[in-house]
There are 2 protein chains.
Amino acid sequence: MSVSPPRPKGPPLNALRAFEAAARLGGFAQASEELCVTPGAISQHIKTLEDWTGTPLFQRKAHGVVLTEDGQRLLPHFTQAFDALGNATRALRATMALPTITIAALPSIAQLWLSPRMPALRAAMPEVRFTILAMETPPNLSRELIDISLFMRPTSDDENQHILCEDHIFPVCTSEVAKQIVKPVDLLDHTLIHDESWSDDWDLWLKKYGPDVFNTQTEARYSLYSLALDDARAGAGVLMGHAALVNRDLEKGILVRPLEGFIQTDQPLIMETSPLKNAPKEVSDCAHYLMNDHRIGNE
Amino acid sequence: MSVSPPRPKGPPLNALRAFEAAARLGGFAQASEELCVTPGAISQHIKTLEDWTGTPLFQRKAHGVVLTEDGQRLLPHFTQAFDALGNATRALRATMALPTITIAALPSIAQLWLSPRMPALRAAMPEVRFTILAMETPPNLSRELIDISLFMRPTSDDENQHILCEDHIFPVCTSEVAKQIVKPVDLLDHTLIHDESWSDDWDLWLKKYGPDVFNTQTEARYSLYSLALDDARAGAGVLMGHAALVNRDLEKGILVRPLEGFIQTDQPLIMETSPLKNAPKEVSDCAHYLMNDHRIGNE
DNA sequence: GAACTGAGTTTAGAAAAACTAAGGCTAGAT
DNA sequence: ATCTAGCCTTAGTTTTTCTAAACTCAGTTC
């Protein structure tokens, strides 16, 4: 009779969290991003878990992993548990002395859409400490300690998501450059400025408005939209502008629209708020503020 | 404008678990026992958490800690979350190749009540691996990976708890010793064997049946009931017997009851089963087996 | 068909977290 | 007045976790 093997220890909590993230997101790489660690760390966590049970949780394929049946059955349990834990942690954070609101956004949105609105927001909510995070992919608001996110992405029926404005794209450039452009074909003579994160923009627009034949021509590529914008402001060429991001420049006259046509993409600017039922009042206040699209006074 | 402080990390999961345990159990010492660490470790976890939020979670008194208001508000959130996590972990364990059932019991119960029943149980469920854990205090079945617990303790209205048998106590000794004992006063001439974990037993019994005057006399104390029992079997004196634990010896004639009177304590032998809704079938099978009080054949 | 790519794995070593042990403090109990 | 239970603190150690970098493998691309 086996007596007192020192008490059965459960698997490490961090390994469980890694499993949940990897299973939910469908890959170690994605999970590693959400948890801010390297993929190797995730791999090791999963292995710990698989060694603990003796049953494989993932099936390793050359291009990613897929959940085994066991893994699929387990996932909802863990997702529910970590959702609950996320809410509890959020409640814990809410006890902090000075209320903090964390907003995550695409770098371009942070800089070109949010930044101009911040002064008014801060003025309206002086007791709140704001933190802005620039990131490429929308965070999971029920897990990370982020209250509001601003991203261009496909619509969903999530009740926590609100469309702030549709995404209209159209060519923009300085008025100098615009003088030389009266019809689409004229674009052939100019540098088309591309941004890596929206690499399809020009294709989309040209498909509808562009000249029938359109061979590759001079183009510039940037990894940050705001760099591309700077270049356009400097008269280096024609940029495909996103309404929400270039409106300020258009209003100020720094940039103009050389041609009329615009396209509405299927990825509007969406604001998502964290799903906590009893969210601190500050968060919903802030969300309303942004929805109502306040601007700084002197603009 | 503050941009990209490397992503707000939540507090360590282990610290959250420590808080939950300490808050639920009402002390660091208790929590440290449940989590199998030293109280110092708990203390540090709590401090980590308190530093993270900036608000105190516990109020330190000289004789223990009490939850602050914030702590009280937070506790249910975390309890719920960790309950869910416990269930998920249990589900994970259920995927293990060969089903395992872990039974926790008071050392004396494990040895004197459970052990004789194990051969039949193993025979009835040959595909299951059983693990018996001896421990002093009932474990939290919704947290630890233990399926069934067997303890003498006060009744509760928990639906997962079942009374296996009432706890009757009465003096027992060898038939040799019994010859010299015909009425309670005769006990004065013999060693009264005590067990540390039930130190009140003799007092209780003597209060009802004992001689009016009863000065302290020879007595032996043991920290393990089975050691006390061994001593009684060897004719060293009179032990206060618990029905569930000495029945075998009575049946076999190794021990006898020199006097008639017995007392029913308010701490029956209770079996508790883990609360998982979809508990593996093996666990409920095992529980039913124990409830029906099977014995080994040749007894 | 050779090189490339994306996703995961594996190691060793480094960094961080968690734990223990031992000494201190304080208020209620003896 | 002393004892004791329960928690705190600190230093040092052990354990866990993470990273970096090289490796594997199977589709893709040229």
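Chain identifiers are assigned alphabetically (A, B, ...) following the order of the sequence lines, protein sequences preceding nucleic acid strands; residue numbering begins at 1 within each chain. Small disclaimer: the values here were computed from a predicted structure and weren't measured.
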Rounding to a whole Å, what distance do you find between B:Ile42:CD1 and C:dC19:P? 8 Å
Is it the case that atom CD in B:Gln161 sees more than 12 heavy atoms from other parts of the structure closer than 6.0 Å? yes
Given DNA chain D, 5'-ward residue of the pair A:Pro12 and B:Gly27, judged by closest heavy atom: B:Gly27
Under 4.0 Å, heavy atoms only, any strand: does A:Lys61 hit a base, just the sugar-phosphate, or nothing? nothing
Given atom CZ of B:Arg17 and atom P of C:dA18, what is their separation to the nearest angstrom? 10 Å
Taking C-beta and beyond as the side chain, do B:Pro99 and B:Arg129 meet within less than 4.5 Å on heavy atoms? no
When all nucleic acid strands are considered with a 4.0 Å heavy-atom cut-off, which category describes B:Ala29: base, sugar-phosphate, or nothing? sugar-phosphate
Among the nucleotides D:dC18, C:dG8, C:dC19, which one has an atom lying closest to any side-chain atom of B:Thr38? C:dC19
Between CG of A:Asn14 and C1' of D:dT15 the distance, given in whole Å, is 13 Å
Tell me if a side-chain donor or acceptor on B:Glu50 pairs with a main-chain N or O of B:Phe58 at a distance below 3.5 Å. yes
Hey, which sits more toward the 5' end of DNA chain D by its nearest nucleotide, A:Gln44 or B:Lys47? B:Lys47
Whole-Å gap separating C1' (C:dT20) and CZ (B:Phe28): 17 Å
Of the nucleotides D:dC8, D:dC18, C:dC19, which one has an atom closest to the side chain of A:His45? D:dC18
Are the side chains of B:Asp266 and B:Pro154 in touch, meaning some heavy atoms are under 4.5 Å apart? no
Can you check the A:Asp51 CG to D:dT16 P distance for me, whole Å? 14 Å
Would you mind building the protein contact string for nucleotides 21-30 of chain D? One character per nucleotide, 5' to 3', B for base within reach (heavy atoms under 4.0 Å), S for sugar-phosphate only, - for untouched. -----S----
Respond yes when some side-chain nitrogen or oxygen of B:Arg60 is under 4.0 Å from OP1 or OP2 of D:dG6, and no when none is. no
Set out, in order, the CA-CA distance, both residues' side-chain angles and the distance that settles salt bridge (Lys or Arg N to Asp or Glu O under 4.0 Å) for B:Glu20 and B:Arg24, then state yes or no. CA-CA 6 Å; B:Glu20 195 276 336; B:Arg24 171 166 44 82; 2.9 Å; yes
If I take atom NZ in residue B:Lys9 and atom C1' in nucleotide D:dT17, what distance separates them, rounded to the nearest angstrom? 10 Å
Write down the distance between CG (B:Leu25) and P (D:dC7), rounded to a whole number of angstrom. 11 Å
Out of C:dC19, C:dT10, D:dT19, which has the shortest distance to the side chain of A:Ser43? C:dT10
Take atom CG of A:Leu35 and atom P of D:dC18, then tell me their distance rounded to the nearest Å. 9 Å
When you compare the side chain of B:Ser226 with that of B:Ser108, does any pair of heavy atoms fall below 4.5 Å? no
Using only heavy-atom distances, determine whether the side chains of B:Gln59 and B:Thr68 contain a donor-acceptor pair under 3.5 Å. no
